[in-house]
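This report refers to the structure that appears directly beneath it.
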Amino acid sequence: MVFELFLDTNKRIKSVLNRQRVSITTDTWKSVQNINYMVITAHFLDSDWKLNKRIINFTKITSHVGEEIGKMIEVCLREWGIEKMFSIVVDNASSNDSAIDYLKKKLHIENTLQLDGKYMHLRCACHILNLIVKDGLKELNYAIKSIRNVVVFIHSSPSRLSKFREYAVLAKFSCMSTVPMDVKTRWNSTYKMLDVALKYRRVFERMADEWIPFMKYFDEKDDKGKQRTGPPLKEDWDNAKAFVHFLKNFYDVTLELSASKTPTSQMISVSMFALQIEIEKKCDDSDPIMSEVAKAMKVKFDKYWGDWNKMNPVIFIANFWTRGTN
């Protein structure tokens, strides 16, 4: 019965995908078991002009080489009977450029690409934002590391977390207070960690003043045999506060562009221009540290969005079309 449901659903989705242009997004990653995976998602409009998305493939791949990725995408398109591609959104890995070139050559033969596939390739806006913010994070490496370490400390044992909560209650916070640990490779989780940690700044400062085990932790070596960074000093907290305030613009834009049930392409150009203005304003900030942070981010921003001639015009067309229909 389950298999029959699968076949029926598969048939219905194929009938839709066969009739119209489809945009796809794809991503690859390596698991902790050192296995390469790839997921392919199809995005399309139904008869009621509602956006739909379906994962049409989740598979292992032998490597992250561009041609290998391109071949897997081609096979997936064939299996689903997708002949008309509109766009493909990928992150900024160089292997994806090779994958796009491979697909263009194969689809060009069938004469199904719009404008000969010239604007088929769209770089993931959220991935580029990730690269931009990461360059800013590097400029505040010490402050972020020191705050991350106090969060790691309280989560390293139940007794330490309990002690942190005792100090939190003394500072008139909830007895269940905590600060989330971040994933170093995901800047938005670092943003959330810093944002919450700042709310408990006086709790951590009191722990540094009164709790000897807390300070001893920073006299020890880390797993790599290096002196632990921290605890955060006043300037570290102040820099983190200014940075979090600045990053909120990027965090909000990332959430908007990551929406999965509504179209987002029409928002890219406006969002990027708004962030460009914020970065340029911060470059002239009276705080020299924040100014350097913004300048580092501007270099990466300009690499991808600083020149209109290097940007895919599809994102402008989407914006103009949306405004014209409102």
Side-chain angles (χ1 to χ4, degrees), residues 22-32 34-43 53-77 85-104 107 117-138 182-191 247 250-260 263-269 271-272 275-276 296-297 299-307 310-315 318:
V22 177
S23 293
I24 67 170
T25 55
T26 183
D27 195 13
T28 59
W29 66 95
K30 183 177 289 187
S31 71
V32 293
N34 210 34
I35 300 173
N36 298 309
Y37 289 99
M38 181 172 72
V39 63
I40 302 174
T41 307
H43 306 262
K53 74 168 188 174
R54 297 289 188 275
I55 293 177
I56 58 176
N57 201 5
F58 183 90
T59 184
K60 294 179 183 178
I61 55 175
T62 56
S63 72
H64 290 276
V65 175
E67 187 169 323
E68 172 72 12
I69 295 171
K71 285 180 179 178
M72 291 301 297
I73 296 174
E74 183 189 12
V75 170
C76 180
L77 296 178
M85 280 273 295
F86 180 73
S87 67
I88 175 169
V89 179
V90 291
D91 65 27
N92 204 47
S94 58
S95 58
N96 284 327
D97 292 339
S98 301
I100 298 296
D101 290 339
Y102 173 88
L103 285 172
K104 281 183 180 180
L107 297 176
K118 185 177 181 180
Y119 305 116
M120 183 180 76
H121 182 192
L122 283 168
R123 300 182 188 277
C124 177
C126 291
H127 183 254
I128 294 176
L129 280 177
N130 179 59
L131 297 177
I132 293 169
V133 174
K134 276 188 173 180
D135 280 9
L137 290 173
K138 291 176 184 176
D182 71 323
V183 179
K184 296 179 183 179
T185 55
R186 294 175 56 194
W187 78 266
N188 51 338
S189 74
T190 300
Y191 164 82
L247 279 191
F250 294 83
Y251 183 75
D252 291 343
V253 168
T254 299
L255 289 182
E256 289 178 355
L257 296 181
S258 299
S260 60
T264 58
S265 57
Q266 77 280 7
M267 298 189 292
I268 295 176
S269 58
S271 297
M272 294 311 111
L275 290 179
Q276 184 178 35
M297 294 170 70
V299 171
K300 187 59 63 74
F301 185 98
D302 288 346
K303 178 180 178 180
Y304 297 104
W305 291 319
D307 184 350
K310 295 181 181 179
M311 297 169 68
N312 193 321
V314 169
I315 64 174

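For this chain, numbers begin at 1 and follow the sequence in order.
Between Ser23 and Val89, the closest side-chain pair of non-hydrogen atoms is not below 4.5 Å. Under the 4.5 Å side-chain criterion, counting only non-hydrogen atoms from C-beta, Trp305 is not in contact with Leu275. Residues Lys300 and Lys134 have side chains not in contact (no heavy-atom distance under 4.5 Å, counting atoms from C-beta outward). For the pair Val90/His121, a side-chain contact is recorded, criterion being any heavy-atom separation below 4.5 Å from C-beta on. At least one side-chain heavy atom of Leu257 sits less than 4.5 Å from a side-chain heavy atom of Met272. For the pair Phe250/Tyr191, no side-chain contact is recorded, criterion being any heavy-atom separation below 4.5 Å from C-beta on. In this structure, Trp29 and Val39 have side chains that are in contact, with non-hydrogen atoms separated by less than 4.5 Å.
The stretch residues 85-94 participates, sequence neighbours left out, in no salt bridge (Lys or Arg N to Asp or Glu O under 4.0 Å) pair at all.
Tyr304 and Met311 get closest at one heavy-atom pair: O-CG, 3.8 Å. Closest approach of Met72 to Ile40, counting heavy atoms only: O-CD1, 4.3 Å. Here the closest non-hydrogen pair linking Ser258 and Cys126 is OG-SG, 3.5 Å. In terms of heavy-atom proximity, Lys118 sits nearest to Lys104 at O-NZ, 4.1 Å.
Between the CD1 atom in Ile24 and the CG atom in Asn57 there is a gap of 10.0 Å [rounded to 0.5 Å]. Atom OG1 of Thr59 and atom OH of Tyr37 lie 9.5 Å apart (nearest 0.5 Å). Going from atom OG1 of Thr26 over to atom CG of Asn96 covers 7.5 Å, rounded to the nearest 0.5 Å. In this structure, the separation between CG on Leu247 and CE on Met297 is 6.0 Å, given to the nearest 0.5 Å. Atoms CG and OG1, on Asn36 and Thr62 in that order, are 7.5 Å from each other to the nearest 0.5 Å. Rounded to the nearest 0.5 angstrom, Thr190 OG1 and Lys184 NZ are separated by 9.5 Å.
Salt-bridge check for Lys138 with Asp135: passed, with a basic side-chain N closer than 4.0 Å to an acidic carboxylate O.
For the pair Thr28 (side chain) and His64 (backbone), a donor-acceptor distance under 3.5 Å is absent.
Within a 6.0 Å sphere centred on CD1 of Ile55, heavy atoms belonging to other residues, nucleotides or ligands number 12 at most.
For Asp97, the salt bridge (Lys or Arg N to Asp or Glu O under 4.0 Å) criterion is met by Arg123, not counting sequence neighbours. Every side chain to side chain contact (heavy atoms under 4.5 Å, CB included) that Leu255 has, sequence neighbours left out, goes to Tyr251.
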